[in-house]
Number of protein chains: 2
Amino acid sequence: MSEVQVLKDVATRLRINSVKATEAAGSGHPTSCASLAEIMSVLFLKEMRYKPESPRNPSSDRFVLSKGHAAPILYAAWAQVGLFPESELLNLRKIDSDLEGHPTPRLPFVDVATGSLGQGVSIAAGMAYVGKYIDKASYRVYCVVGDGESTEGSIWEALSFSSFYKLDNLVIIFDVNRLGQSQPTQLQHHLEAYRLRTEAFGCHSIVVDGHNIEELLKVFMCSYGQNKPVALICKTYKGQDFPGIADQENWHGKPLGVKAKEVLDYLNAQLSNTSVGSYSLPSKPLDDCSELKLVGTIKLPSAPQYKIGDMVATRLAYGTALSRIGQTCDRVIGLDGDTKNSTFSIKLRDVKPDQFVECFIAEQNLVGVAIGCATRGRTIPFVSTFAAFLTRSFDQIRMGAISQTNCNFAGSHVGVSIGEDGPSQMALEDMAMFRSVIGSTVFYPSDAVSTERAVELAANTVGICYIRTGRPNQPVIYSPEECFCIGKGKVVRTAGSAGDHLTVVGGGITLTEALKAADVLATENINIRVIDPFTIKPIDAELLAKAVKETCSKVLTVEDHAPEGGIGDAVSAALSQCGIKHTVQRLAIREVPRSGKPEELLAKYGIDASAIVRAVKSLLGKQ
Amino acid sequence: MSEVQVLKDVATRLRINSVKATEAAGSGHPTSCASLAEIMSVLFLKEMRYKPESPRNPSSDRFVLSKGHAAPILYAAWAQVGLFPESELLNLRKIDSDLEGHPTPRLPFVDVATGSLGQGVSIAAGMAYVGKYIDKASYRVYCVVGDGESTEGSIWEALSFSSFYKLDNLVIIFDVNRLGQSQPTQLQHHLEAYRLRTEAFGCHSIVVDGHNIEELLKVFMCSYGQNKPVALICKTYKGQDFPGIADQENWHGKPLGVKAKEVLDYLNAQLSNTSVGSYSLPSKPLDDCSELKLVGTIKLPSAPQYKIGDMVATRLAYGTALSRIGQTCDRVIGLDGDTKNSTFSIKLRDVKPDQFVECFIAEQNLVGVAIGCATRGRTIPFVSTFAAFLTRSFDQIRMGAISQTNCNFAGSHVGVSIGEDGPSQMALEDMAMFRSVIGSTVFYPSDAVSTERAVELAANTVGICYIRTGRPNQPVIYSPEECFCIGKGKVVRTAGSAGDHLTVVGGGITLTEALKAADVLATENINIRVIDPFTIKPIDAELLAKAVKETCSKVLTVEDHAPEGGIGDAVSAALSQCGIKHTVQRLAIREVPRSGKPEELLAKYGIDASAIVRAVKSLLGKQ
């Protein structure tokens with residue numbers, strides 16, 4: 001049988017299996033699979049170089065299915081090349097199968113979860129960046145994008161990034177099947193519009209009939225070597241080869257039901273060879289990339305270099321720590337969105353330019369690229385920008401958790417303490433956002449020493465880590481030898497055996513303010529215990545419960561953040577769970593702030609030392 | 001003096017005032033203003049038709065400064081046309097001035113806050129959509145975009161949207177000044193690349209020297225009538241006319257300091273006329289658009305049409321309510337991101353196609369367009385998509401709060417109860433996100449009747465409203481006449497005088513599960529009080545405190561959401577603040593879920609009726 005006939009047969013088998021699997025599941029997207037069948041056949045049998053028996057091999061080509069709802073055909077492709085028996089495909093979407101509705105890395109051949117659309121290209125770009133510039137290996141990265149999702153701006157951020165960095169090892173395949181979920185796409189079959197758009201964004205763009213095996217083979221052969229990412233614009237039909245269904249509306253996201261038998265009969269009749277085992281296997285990759293084990297191995301080269309009382313912004317300590325761990329491990333990388341001179345990630349670039357990726361002002365792509373860089377454990381990425389702008393990437397971060405990424409995030413310029421730039425630049429929601437991410441760790445260091453340790457801990461911690469840093473200088477309160485652990489807070493002020501009247505919990509600048517308030521209150525014989533939680537998730541429930549018991553059951557939380565989702569919520573949650581009697585009052589930012597000097601704003605919105613003094617007295621009935 | 005000379009002089013005055021204001025403030029972005037001076041002069045003195053004395057006049061042309069950090073030149077322009085004295089510009093960034101670091105609608109001439117980059121074009125597109133299709137008025141919308149921010153994908157989402165809807169009343173001006181914050185932009189002065197990109201995205205694109213008044217005048221004259229949005233690609237220099245500073249790196253976001261005097265001397269010497277009052281004023285608009293007062297006037301035409309026990313998904317009730325209020329007010333509009341047949345916003349489109357805007361798969365633009373549609377009170381927008389995908393727009397939503405928007409959001413398909421589609425489609429962070437937004441209201445209705453009332457209340461509530469809806473059918477539990485208020489929960493199950501042993505708080509599907517659990521527990525003589533909070537923000541602290549006092553101080557929260565930021569946090573926060581003794585245990589989704597049947601997933605992740613029964617017994621020591 002000719003190679004073309006083999007690939008045609010495989011495409012038909014992939015369609016058959018997509019139909020069967022979604023029929024068995026009673027849900028899914030068979031028509032979104034059908035448009036892809038020839039593309040998947042050519043990619044998985046002919047074009048990609050990989051080891052089917054070792055799906056996460058570091059030297060293998062990568063594949064990202066950005067249109068994650070076409071999962072059944074991806075699963076069918078891996079069954080086709082022998083990773084598991086075809087019969088398993090009938091367990092699609094069942095609770096005890098890893099063949100989920102959209103791909104997740106529970107499957108060994110999936111690097112990242114997809115299913116929130118438009119995210120795949122950024123991730124693929126991150127993989128390709130690492131392949132070209134860090135691994136310096138021969139693997140390529142293939143990403144299949146739906147036409148519906150190509151209206152997502154993140155895709156254009158990713159293309160602009162990929163052409164800027166000349167990622168010629170990246171192939172983006174647009175499956176232009178004309179139909180979205182609820183109506184035709186914006187551009188329908190205007191293939192030329194896709195070509196012009198991708199070309200204008202710096203791709204080597206080629207329009208091809210996505211159902212023509214010969215054309216696809218030819219196009220792949222001649223698409224490389226342009227020093228640009230490749231964009232294949234494939235004209236396809238949704239539900240191709242499903243009689244009566246192809247190119248029809250109202251067939252998105254549903255199994256074929258009563259039409260299934262007719263379609264399967266039609267497809268089976270197309271097969272020239274009905275035996276599964278007779279098809280050739282893909283080419284092997286060059287073995288030019290070795291396994292790595294990074295998480296758990298990163299250390300600061302020496303203790304932090306500060307003296308107690310030094311005035312240092314935590315954002316600066318972040319940059320310092322990043323550059324320090326970057327010097328001990330050449331796989332620690334920094335990524336920023338044109339704020340590197342404000343977040344101080346520039347300190348890594350200054351000493352290790354090859355470990356820094358400028359991602360420009362495009363935060364969704366910034367996060368997607370970083371998640372891509374972290375796949376297969378190739379790097380330990382630290383993403384930095386203003387914390388406010390990380391909200392731009394919440395969907396990517398949320399998906400990152402499903403992708404089991406070990407990517408780290410540092411958000412600077414939090415809260416009103418940034419001052420004159422005003423509310424658009426003030427993160428007031430970032431703790432709420434990162435706390436809600438499943439499996440995340442949220443660091444909120446309050447001085448330079450603890451910030452450096454937060455960076456070191458984050459680098460070695462599985463899952464998403466977030467480090468919240470501030471703009472203003474703050475006094476160093478810990479000695480360089482102080483030890484820090486995730487989930488362990490510190491009592492930074494107590495009258496000891498003299499007894500404390502009340503507990504105050506702050507973070508960052510508000511911890512500094514709480515310590516100032518403690519000085520003022522002490523002159524009036526009011527002792528407050530001040531707690532630095534260090535991590536807001538997990539929070540040190542034991543330390544808080546002990547403090548509550550020892551300080552008249554009263555706690556004041558103070559945070560440069562909205563009242564919801566931050567320190568106040570975390571402390572209340574921990575204490576409510578304990579069941580001991582307590583009152584938590586919270587000082588937080590309750591209205592949209594405005595521009596002003598940092599100290600004016602801390603006062604105006606009631607989170608400075610004076611406000612803490614007033615609140616403590618009020619709670620103690622001493623006004 | 002010739003018109004061109006007047007406009008040149010005004011440009012110089014705008015530069016002078018930008019320098020003076022940022023000098024007085026000691027911070028700000030004078031160089032980012034300087035590149036815009038001729039553009040602003042031509043726009044504000046010649047091109048735009050508006051009433052300087054009535055900045056939010058509904059008939060006037062709109063102006064959006066997407067590059068919000070150039071605020072000083074916007075303020076200088078309004079001083080130039082006489083809205084306030086020039087001397088006020090020296091209060092820039094002061095705490096008692098509304099001339100903030102980035103524009104906010106505290107100023108009467110600012111419709112939306114900008115400063116998180118890349119958001120202006122979507123907002124402007126929303127304004128232009130309303131102008132063309134809803135107001136059917138002659139006003140135009142002008143949006144100035146920085147080249148640094150043009151890497152933000154949201155801009156390309158907005159351009160694709162704008163050309164799809166033929167928004168020929170929209171003019172997007174790219175200020176291509178070559179330099180970003182920390183280094184040159186991706187495309188620097190490759191004007192042709194901008195032209196190709198914007199043209200490929202459907203704009204009528206023109207490259208122009210942004211410092212040449214004559215060219216700008218000519219280009220504006222001939223840019224309309226193409227049935228497309230206009231993109232002016234202006235070649236400019238950052239810090240133009242600042243000797244020694246223009247086109248140099250390391251001058252972003254800082255006042256000129258020691259160089260200020262030299263620059264001001266140079267600029268003053270350029271002026272042909274030093275008197276401020278002698279310049280002409282802008283043209284007046286056609287008065288073809290009248291004032292509206294919408295919020296507070298919207299009513300469901302009749303009580304909800306359900307019987308207790310009917311099985312209705314809250315997402316369906318949302319669509320029904322939206323179509324019902326849309327029929328009573330032609331300014332209630334629905335916007336969706338190609339999920340209208342899942343969120344049921346299609347029900348509005350079916351009856352009122354002119355009140356529905358399909359925004360395709362581009363959620364950042366979806367939200368930006370909606371915020372634009374809400375400006376000047378022209379419409380009451382309801383944005384719907386899967387709640388998980390609203391995380392894509394968190395930055396736009398956060399900025400919407402600063403913009404004082406009255407935009408409403410409905411997120412469907414929350415939590416594991418969606419079933420087989422898997423974790424990428426399951427919102428588990430949406431309550432955390434919306435609770436953290438300052439001034440927001442978060443509805444979590446648990447049946448169809450309360451959902452319809454939530455929609456009605458949201459339409460009439462100032463600030464951002466969020467309505468959380470679910471996929472599965474749930475029994476109607478309220479009679480059509482039941483009254484609902486923001487911040488008022490309902491006791492939906494109690495043994496009354498027989499006494500309740502424990503309080504359970506749920507929302508959506510978990511309220512249904514809690515009621516099932518109550519039936520089971522009642523057979524074992526355990527009475528639980530079940531509370532439907534209706535709004536999670538604000539939460540009914542009084543009702544909760546009363547319940548705690550009456551039910552052994554024990555509360556169980558159950559939510560189809562992450563443990564952080566949702567019902568558990570809201571309930572704990574309210575009770576911790578009260579200071580009464582209580583224990584809150586929470587059932588929530590603690591790990592990344594997987595695909596499966598809804599009921600299997602509710603069981604597996606421990607939020608179904610059986611899990612509630614077990615947790616209640618455990619809390620009561622009755623295991």
Side-chain angles (χ1 to χ4, degrees), chain A residues 27 93 95 100-102 113 115-117 148-149 151-154 156-157 160 164 180-182 186 196-197 200 338-341 360-362 364 391-392 394-395 398 401-402 420-425 429 432 435-436 438 562 564-565 569 572-573 575-576 579 581 583-584 592 594-596 600, chain B residues 27 93 95 100-102 113 115-117 148-149 151-154 156-157 160 164 180-182 186 196-197 200 338-341 360-362 364 391-392 394-395 398 401-402 420-425 429 432 435-436 438 562 564-565 569 572-573 575-576 579 581 583-584 592 594-596 600:
Chain A
S27 66
R93 292 174 163 241
I95 195 161
E100 298 192 61
H102 294 75
S116 180
L117 292 170
E149 66 176 320
T151 33
E152 288 283 13
S154 47
W156 303 94
E157 295 178 3
S160 198
F164 183 82
Q181 169 176 326
S182 68
Q186 274 182 11
L196 287 172
R197 290 185 183 190
D338 195 22
T339 60
K340 57 185 175 287
N341 49 351
F360 301 91
I361 305 174
Q364 297 189 72
T391 57
R392 196 64 156 262
F394 191 10
D395 198 17
R398 173 185 81 83
I402 305 173
E420 290 83 352
D421 272 343
S424 62
Q425 321 290 302
E429 310 82 2
R435 275 182 73 236
S436 73
I438 289 180
E564 296 82 14
D569 270 8
S572 298
L575 293 174
S576 290
K581 186 166 164 50
T583 306
V584 176
V592 174
R594 52 165 64 239
S595 292
E600 289 173 335
Chain B
S27 64
R93 293 176 163 240
I95 194 162
E100 298 192 62
H102 294 76
S116 180
L117 292 170
E149 66 176 320
T151 32
E152 288 283 12
S154 46
W156 303 95
E157 295 179 1
S160 197
F164 183 82
Q181 170 175 324
S182 68
Q186 274 183 10
L196 288 171
R197 288 185 184 191
D338 195 21
T339 60
K340 57 186 176 287
N341 49 351
F360 301 92
I361 304 174
Q364 297 201 0
T391 58
R392 196 63 157 261
F394 190 10
D395 198 18
R398 174 186 81 84
I402 304 174
E420 289 84 351
D421 272 343
S424 62
Q425 321 290 302
E429 311 83 1
R435 275 182 73 237
S436 74
I438 289 181
E564 295 82 14
D569 269 8
S572 298
L575 294 174
S576 291
K581 186 165 163 50
T583 305
V584 177
V592 174
R594 53 165 63 238
S595 293
E600 290 173 336

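Naming: A, B, ... by sequence-line order, numbering from 1 per chain. Remember, it's a predicted structure, so these values are computed and weren't measured experimentally.
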Item to check | Taking every non-hydrogen atom, the tightest pair across A:Ala200 and B:Arg197 | outcome: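 Minimum heavy-atom separation between A:Ala200 and B:Arg197: O-NE, 2.9 Å.
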
Next on the checklist: To check you understand the geometry: which heavy-atom pair defines the closest contact between A:Thr391 and B:Phe394, and what is its length?
Outcome noted: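 The pair with the smallest heavy-atom distance is O-CB, 3.3 Å.
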
Side-chain contact, heavy-atom cut-off 4.5 Å: [X] with [Y]?
X	Y	result
A:Gln181	B:Thr339	yes
B:Ile95	A:Arg594	yes
B:Arg435	A:Asp569	yes

Look at [options] and state which one has the largest set of heavy-atom pairs under 4.5 Å with chain A.
options	result
B:Ser160, B:Gly101, B:Ala573	B:Ser160
B:Gly148, B:Gly422, B:Ala401	B:Gly148
B:Gly115, B:Gly596, B:Gly180	B:Gly115

Checklist entry - So which part of A:Gln364 gets closer than 4.5 Å to some heavy atom of chain B, the side chain, the backbone, both or neither? => result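 Only the side chain of A:Gln364 comes within 4.5 Å of chain B.
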
Item to check | B:Ser154: partners by side chain to side chain donor-acceptor pair (under 3.5 Å), with sequence neighbours left out | outcome: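 Checked B:Ser154 against side chain to side chain donor-acceptor pair (under 3.5 Å); matches are A:Arg392.
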
Next on the checklist: Taking side chain to side chain donor-acceptor pair (under 3.5 Å) as the definition, give me every residue that meets it alongside B:Arg93, ordered by chain and number, with sequence neighbours left out.
Outcome noted: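 Only A:Asp421, B:Ser27 meet the side chain to side chain donor-acceptor pair (under 3.5 Å) criterion with B:Arg93.
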
Give, for atom [atom1] of [X] and atom [atom2] of [Y], the distance between the pair rounded to the nearest 0.5 Å.
X	Y	atom1	atom2	value
B:Gln425	A:His102	CD	NE2	4.0 Å
A:Ser436	B:Glu429	OG	CD	5.0 Å
B:Asp338	A:Gln186	CG	CD	10.0 Å

Item to check | Distance-only side-chain donor-acceptor flag, B:Ser424 / A:Arg398, under 3.5 Å | outcome: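 No.
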
Checklist entry - Hey, are A:Asn341 and B:Ser182 close enough side-chain-wise for a donor-acceptor pair under 3.5 Å? => result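 Side-chain D/A pair, B:Ser182 to A:Asn341: absent.
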
Checklist entry - By a 4.5 Å heavy-atom criterion (distance strictly below it), what part of B:Leu196 contacts chain A: side chain, backbone, both, or neither? => result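 Both parts, heavy atoms under 4.5 Å.
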
